[in-house]
There are 4 protein chains.
Amino acid sequence: MKQKRPKYLQIIDAAVIVIAENGYHHAQVSKIAKQAGVADGTIYLYFKNKEDILISLFQEKMGVFIEKIQQEIAGKDTAAEKLYMLIEKHFSLLAEDHHLAVVTQLELRQSNKELRLRINEILKGYLNILDSIIQTGKDTSEFSEDLDARLARQMIFGTIDETVTTWVMNDLKFDLPALAGNVHKLLINGCGRV
Amino acid sequence: MKQKRPKYLQIIDAAVIVIAENGYHHAQVSKIAKQAGVADGTIYLYFKNKEDILISLFQEKMGVFIEKIQQEIAGKDTAAEKLYMLIEKHFSLLAEDHHLAVVTQLELRQSNKELRLRINEILKGYLNILDSIIQTGKDTSEFSEDLDARLARQMIFGTIDETVTTWVMNDLKFDLPALAGNVHKLLINGCGRV
Amino acid sequence: MKQKRPKYLQIIDAAVIVIAENGYHHAQVSKIAKQAGVADGTIYLYFKNKEDILISLFQEKMGVFIEKIQQEIAGKDTAAEKLYMLIEKHFSLLAEDHHLAVVTQLELRQSNKELRLRINEILKGYLNILDSIIQTGKDTSEFSEDLDARLARQMIFGTIDETVTTWVMNDLKFDLPALAGNVHKLLINGCGRV
Amino acid sequence: MKQKRPKYLQIIDAAVIVIAENGYHHAQVSKIAKQAGVADGTIYLYFKNKEDILISLFQEKMGVFIEKIQQEIAGKDTAAEKLYMLIEKHFSLLAEDHHLAVVTQLELRQSNKELRLRINEILKGYLNILDSIIQTGKDTSEFSEDLDARLARQMIFGTIDETVTTWVMNDLKFDLPALAGNVHKLLINGCGRV
DNA sequence: CATGAATGAGCATTCATTCAT
DNA sequence: TATGAATGAATGCTCATTCAT
């Protein structure tokens with residue numbers, strides 16, 4: 001598996017740094033190669049093309065992201081508790097890695113539609129977690145049973161995503177994890193029984 | 001009336017079509033000119049450069065968008081009614097103009113950070129409407145008085161935007177305006193008293 | 001005759017100013033029109049094309065230049081005196097009109113070979129004066145009778161021209177007319193009997 | 001030896017040919033690349049931009065030019081002899097390379113002021129040789145001790161340059177090196193004691 | 001005579017990808 | 001595996017000139 005070779009991750013980490021510091025459109029393959037300490041041609045021994053670097057980057061980072069969140073919510077029983085842990089972890093993981101935050105919220109969105117669709121594919125792992133939380137909420141009667149699961153998922157994801165994007169657009173100045181409580185309250189209200 | 005600058009709007013409308021059909025990165029100035037039925041050089045009699053076309057496009061279309069929404073909500077008294085009209089109009093206006101929907105949800109987001117910041121500036125007009133609805137809700141006690149206005153705005157905008165983007169990403173297949181009622185219920189719950 | 005119409009000279013004077021201030025390659029027809037206070041299209045009622053403006057400019061200004069120099073040297077009897085007056089007048093006329101100096105020494109030389117050949121045609125009037133001075137010198141035995149007239153003319157013209165160009169390249173800082181005496185001495189030596 | 005950068009000289013030689021044959025303003029980078037037998041992009045591995053090609057061209061060719069002239073005059077004792085060798089070599093070197101003659105006398109002068117200033121910088125090496133010859137002349141009492149060195153340099157350079165330009169403008173038809181003797185006589189007279 | 005909106009040909013430069021070593 | 005020199009397609013913008021009014 002290519003993931004096991006050290007240069008694979010080395011190049012992905014270099015890509016995150018180069019994209020965060022130079023922006024998506026100025027992140028040339030040669031810059032990534034230099035940052036990774038390899039020759040330009042070496043990139044193509046580990047990735048099919050430039051797009052493959054970006055896909056793999058998102059896949060790799062999102063994989064870790066999802067895994068950590070799942071660990072956090074595994075021990076919780078209620079949907080409310082699970083949702084809180086998800087929001088809190090989502091915010092704190094990005095607050096800990098500014099480069100990654102910039103890359104996922106701003107830069108990677110400048111890619112074309114095709115790449116965005118493939119990124120959406122990867123995102124499904126995250127959305128599945130949301131679906132399972134919503135289902136939990138219905139099972140425990142925390143949420144209304146006729147709650148539209150897809151819309152609820154869009155509300156939760158849209159709200160979290162918009163909040164993070166606003167934070168990044170504001171140059172990561174305010175304390176993102178501190179908002180977890182209020183965001184959680186809003187979303188629980190939205191999903192809850194009236 | 002804008003009849004005095006027919007070519008200006010002619011070029012903007014051409015840009016929407018060309019970007020929607022070819023994607024942001026393949027929307028060459030010459031294609032826009034051909035679509036508008038003018039010479040390449042004519043573009044530069046009305047716009048400073050290519051970026052100026054995009055800014056102006058967003059400004060022009062968003063201006064009409066905001067105006068129509070404001071007309072809809074002006075006659076309503078409660079925050080709930082205002083919010084419903086906003087969601088319904090937002091969805092139906094985009095459902096009526098698929099080209100514009102694709103351009104604003106997908107293509108224009110591929111622009112660089114600078115352009116994105118200028119687009120955000122223009123978006124503030126829309127966000128101001130949201131703020132005034134939230135304020136109305138607090139005044140009428142529909143919403144909790146300690147509701148965090150900024151987060152509420154992010155939830156409303158994030159949810160609506162995510163819903164529209166999902167619709168566009170699904171090739172505009174499902175009935176977007178039909179979702180207005182459920183989205184409204186979710187958001188009102190979220191903002192409401194517990 | 002087109003020369004009699006006031007706008008003809010108005011446009012030529014505007015061209016001198018615009019070229020001097022913006023450089024040959026940034027002297028657009030529209031700038032010249034604006035400086036002359038006429039519409040772009042009006043230029044083409046008086047000149048065939050842009051090149052015609054430049055040719056006419058040189059012709060018009062060089063005509064006055066030659067006339068004034070001829071008046072100065074007409075009353076002198078010796079070649080030495082005539083040459084001195086020519087040098088002195090050449091220097092002082094350009095020192096009096098910095099715009100014209102910049103245009104003839106620097107900017108007009110950036111034109112293509114064809115235009116340069118036509119400018120050379122016009123310059124022949126000036127070179128004829130030099131030839132007549134050299135002939136005078138031979139007649140009066142001031143100059144050696146086997147002096148190569150063409151080379152002598154090139155030496156005189158080359159030296160004067162190089163001196164003026166050096167002055168312009170040095171931003172017209174030093175006192176050009178003050179050099180007339182020394183330049184004259186050098187050239188008279190060069191042409192003179194050994 | 002410059003064998004280490006064969007493509008560098010290859011491109012410069014191609015540029016001389018392309019500019020001589022097409023004129024400065026029609027010497028596109030792609031034409032130079034094709035003439036040099038490399039891809040367009042390869043040009044930019046060796047030169048910063050198009051202007052850099054022209055600067056380097058002049059530098060490279062003028063460097064060789066100056067070196068050869070210095071070798072010629074090194075063995076001579078008198079200013080007169082040195083000046084003769086300089087003129088003769090200057091004429092014969094250009095007579096041997098018509099392309100280079102056209103490029104330096106006509107085409108490169110069509111560049112903008114900035115480029116011309118940089119060319120003047122490079123020319124200083126040549127002018128320094130003239131200065132040293134003039135100094136030699138003063139030392140040996142061949143030249144008047146109160147000869148204005150700067151004007152003398154301008155006379156020598158102006159005369160030689162004007163002669164070469166006239167030759168180029170006449171389509172290199174007459175025998176340039178054959179003029180060396182007469183030009184030399186004129187200049188020595190000009191600088192000499194009366 | 002005068003206007004000025006409209007035209008459209010022309011070109012330097014970047015950068016993802018390849019391949020001989 | 002690893003290198004890095006070489007490739008070549010692709011595009012926004014300017015400005016001299018025209019012509020309907």
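The chains referred to below are lettered A, B, ... by the order of the sequence lines, with proteins before strands, and numbering in each begins at 1. Treat the numbers as computed from the prediction; the structure is a model and nothing was measured.
- Five base pairs at each end of the helix from E:dA2-F:dT21 to E:dT21-F:dA2 define two local axes, and these are offset by 10° (rounded to 10°).
- Between the NZ atom of B:Lys31 and the P atom of F:dT11 there is a distance of 7 Å, rounded to whole Å.
- Between B:Ala39 and D:Glu51, the residue anchored closer to the 5' end of DNA chain E is B:Ala39, taking for each the nucleotide with the nearest heavy atom.
- Mapping heavy-atom proximity under 4.0 Å, the span of DNA chain E touched by chain A runs 5' to 3' from E:dC15 to E:dT18.
- Spacing between atom CG of C:Leu54 and atom P of F:dA16 amounts to 10 Å, rounded to whole angstrom units.
- For C:Tyr24 and F:dC15, the OH to P distance is 13 Å, given to the nearest whole Å.
- Residue B:Tyr46 is the one, among B:Tyr46 and A:Ala27, whose nearest nucleotide of DNA chain E lies closer to the 5' end (criterion: closest heavy atom).
- Contact annotation: A:Lys7 reaches the phosphate of F:dA2 (side-chain N/O to OP1 or OP2, under 4.0 Å).
- Nearest-nucleotide mapping onto DNA chain F: of A:Leu45 and C:Asp40, the residue sitting toward the 5' end is A:Leu45.
- Side-chain contact check for B:Glu114 versus B:Arg118: every heavy-atom pair is 4.5 Å or farther apart.
- Using a 4.5 Å heavy-atom cutoff, the side chains of D:Ser111 and D:Leu54 are not in contact.
- Across all strands shown, B:Val29 has heavy atoms under 4.0 Å from sugar-phosphate atoms exclusively, and none from any base.
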Derivation and outcome, side chain to side chain contact (heavy atoms under 4.5 Å, CB included), residues A:Glu60 and A:Tyr8: CA-CA 10 Å; A:Glu60 200 66 39; A:Tyr8 174 82; 3.5 Å; yes

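- If you check F:dA2, F:dT7, F:dC15 against the side chain of A:Thr42, the one that comes closest is F:dA2.
- The distance from atom NE2 of C:His26 to atom P of F:dA16 is 11 Å, rounded to the nearest whole Å.
- When rounded to the nearest whole Å, the span between CD of A:Gln28 and C1' of F:dG4 equals 16 Å.
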Given side chain to side chain contact (heavy atoms under 4.5 Å, CB included), test D:Val103 with D:His98 step by step and report yes or no. CA-CA 9 Å; D:Val103 169; D:His98 287 186; over 6 Å; no

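- Using a 4.0 Å heavy-atom cutoff across all strands shown, B:Phe47 reaches no nucleic acid atom at all.
- Under the 4.0 Å criterion applied to side-chain N and carboxylate O atoms, A:Asp40 and A:Lys31 are not assigned as salt-bridge partners.
- What separates CD1 of C:Ile43 from P of F:dC15 is a distance of 15 Å, to the nearest Å.
- Per the geometry, CG belonging to C:Asn49 stands 11 Å off P belonging to F:dA16, to the nearest Å.
- Between A:Lys7 and A:Gln10, the side chains place no donor N or O within less than 3.5 Å of an acceptor N or O (distance only, hydrogens not considered).
- Only the P atoms considered, E:dC1 is 23 Å distant from F:dT21, to the nearest whole Å.
- D:His26 NE2: 12 or fewer foreign heavy atoms inside a 6.0 Å radius.
- B:Ile12 is listed as a side-chain neighbour of B:Phe47, based on a closest heavy-atom distance under 4.5 Å.
- Legend: residues meeting salt bridge (Lys or Arg N to Asp or Glu O under 4.0 Å) with D:Glu121, ordered by chain and number and at least two apart, are D:Lys124.
- When the nearest nucleotides of DNA chain F are assigned to C:His25 and A:Gly37 by heavy-atom distance, the more 5′-ward of the two goes with A:Gly37.
- Distance, D:Ile11 CD1 to F:dT7 C1': 13 Å, rounded to whole Å.
- The side-chain heavy atoms of D:Leu108 and D:Arg116, taken from C-beta on, include no pair separated by under 4.5 Å.
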